[in-house]
Amino acid sequence: MIKQLNKSTVEKVGHPVRILQFGEGNFLRAFVDWQIDIANEKGVMDAGVAVCQPIIDPEHKVLGMIDLMHKQDNMYHVYLEGVENKQPKKDVRLVKSVMDSFNPYVDYATYERYFLSPELKITISNTTEAGIRYEEGDDLTARPPKSYPAKMTALLYKRFKHFGGDPAKGLCIICCELIENNGSTLHEYVIKHAEYHKLGQEFIDWVEKNCHFCDTLVDRIVPGFPREQIDEIKEEIGYDDNLVVKAELYHLWAIGGPGYKEVMKELPLDKAGLHVIFMPSIKQFRDKKVRILNGSHTGMVPIALQMGCETVMDAFDTPAIEKFVNDMVAEEVIPMIEEDQTELKKFAAGILERFYNPFIKHMLRSISLNSLSKWEARNYPTVRDNWFKAQRIAEHECFTFAALMTLYSPKSGFEPDDTKEFVEYIRANWDSADIEATVTKIVKESGIFTVDFSEVPGFIPAVAGYVRDIEALGMEGALAKFLKN
């Protein structure tokens, strides 16, 4: 018999809310909250999480994640499947670490209660790559401000005022967004907002001395809600859980930065046997993982979607796509990472092997979320390094950008899940009669990207050439032509 999942059917131990989490999505719930739950169970932590919806949903037309979490008293199962020591393995956990969840746009009082709580020690975020962006005119008096950096500035300033600048009331601020130097960038934008809004040197000094912004690298493939298997999974777990998150067994969290030792004390997940590593700098880890795993995903998705694939497995079962991705990693990505090349090849082989996990239905459409900012963060650094370190054009990466442009073009029939005004700009300015001018506008004038990709000579002509091929031959034909060259 399948039972409802709530406090009437499951005993749930209360924990003091020490973590304010910006993001209610599948990744944080299957990665961070799952780890906190294990650490609580093993007695190395006593920490509850309050989940804050980071993005406004003014229309609220569908039942949101926060509503679903309330219905289940913030409990849900994480369903892990994979291969370990060449044997299939499964691990299912009922996560009870989330104490509360709320939408700050409709319940600001709850939000304020948590960020002014003396028990709060840590904030964790995954506002996507598009979330950590400096918006100069953002109103810090809004309840809450729109952008995440402005939210964090206002939160810290109110906390600073509320506790009279008490050094002990600073926070450990941990970012999980997949951008380079995620915590350092957020720190930079908080100080920029503080200076722009004239919040005072005392506040800035308090942030600098008592708040610890961490750069992180996160790694776990999380396909999310197993829609096609949910009836069987509910039978298996015995609960009517509409928040099940499916993920792979593998996980890694590297946390670094000047205040990493303080974070080790507040978040001792490594003591619970979890794959969490603290270090002064995560640059090497980040370059490897983001460029190889995430860059492969982001580069592959627009190609595979335009060839009719639905999942990562579908894509890697297509020989041309499999060859393209493996060649891109071997020829353009690995040579630009400053580490022992033999070790890097082993690392890459292990990473790419995870694409073949038969238990994980990783939907390409899900990975395509915010692909514009993802491509800039994950793939453009390889383009830049190939030119400035080796004086060559990264042709594979240029092809992936061309594929992304055609996927977002008005002709594709695909509706991107991305910043609306960016998609509209691409479609409004698309001119098949002059593709080079189209790409130039998108790269140099649109405001979509924070870097001008034309700093790499030859990037725009290369991309334009591949766009013309894709429009003339279709994706399959263009990819076949590319692989023959």
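Heavy-atom basis, side chains included; hydrogens, waters and symmetry copies ignored. Just so we're clear, the structure is a prediction, and the values are computed from it rather than from any experiment. One-based numbering along the sequence shown.
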Fit a plane to each ring of [X] and [Y], take the angle between them on a 0 to 90° scale, and name the class: parallel (under 30°), tilted (30 to 60°) or perpendicular (over 60°).
X      : Y      : result
Phe213 : His187 : tilted
Tyr189 : Tyr134 : tilted
Tyr108 : Tyr111 : perpendicular
Phe453 : Phe449 : tilted

Distance from [X] atom [atom1] to [Y] atom [atom2], nearest 0.5 Å?
X      : Y      : atom1 : atom2 : result
Lys289 : Leu217 : NZ    : CG    : 5.5 Å
Asn126 : Leu178 : CG    : CG    : 7.0 Å
Met65  : Asn103 : CE    : CG    : 13.0 Å
Asn40  : Asp33  : CG    : CG    : 10.5 Å
Lys121 : Cys172 : NZ    : SG    : 8.5 Å
Tyr196 : Asp138 : OH    : CG    : 10.5 Å

Ion pair check, [X] and [Y], cut-off under 4.0 Å:
X      : Y      : value
Lys146 : Glu135 : no
Asp385 : Lys389 : yes
Glu424 : Arg427 : no
Arg93  : Asp37  : yes
Lys192 : Glu195 : no

Closest contact, heavy atoms only, [X] versus [Y]:
X      : Y      : answer
Met152 : Phe22  : CE-CE1, 4.1 Å
Ala403 : Gln306 : O-NE2, 2.9 Å
Asp452 : Tyr380 : O-OH, 4.1 Å
Pro104 : Phe102 : CD-O, 3.7 Å
Ser368 : Phe414 : OG-CZ, 3.9 Å
Pro145 : Ala154 : CG-CB, 3.9 Å

Do [X] and [Y] get their side chains close enough for a donor-acceptor pair, meaning under 3.5 Å?
X      : Y      : result
Lys374 : Thr298 : no
His396 : Glu332 : yes
Glu24  : Ser101 : no

May I ask you to decide if [Y]'s main-chain N or O and [X]'s side chain share a donor-acceptor pair within less than 3.5 Å?
X      : Y      : result
Arg159 : Phe115 : yes
Asn182 : Thr216 : yes
Arg29  : Leu243 : yes
His251 : Phe31  : no
Asn379 : Gly295 : yes
Thr438 : Trp430 : no
Ser117 : Arg113 : no
Glu376 : Thr450 : yes
Glu248 : Ile221 : yes
Asn181 : Ser184 : no

Discussion item. Checking Arg18 against Met45 for the side chain to side chain contact (heavy atoms under 4.5 Å, CB included) test, could you report, in this order, the C-alpha distance in whole Å, the side-chain angles of both residues, the deciding distance, and whether it holds?
Written reply: CA-CA 10 Å; Arg18 303 194 194 281; Met45 288 184 72; over 6 Å; no
Is the number of heavy atoms from other residues, nucleotides or ligands under 6.0 Å of [X] [atom1] greater than 12?
X      : atom1 : answer
Lys158 : NZ    : yes
Glu202 : CD    : no
Glu455 : CD    : yes

In this structure, is the centre-to-centre distance between the rings of [Y] and [X] below 6.0 Å?
X      : Y      : value
Tyr425 : Phe422 : no
Phe459 : Phe401 : yes
Phe278 : Tyr260 : no

Item to complete: Quick one: do Trp253 and Ile174 satisfy side chain to side chain contact (heavy atoms under 4.5 Å, CB included)? Show the steps, please.
Response: CA-CA 11 Å; Trp253 198 358; Ile174 302 171; 3.7 Å; yes
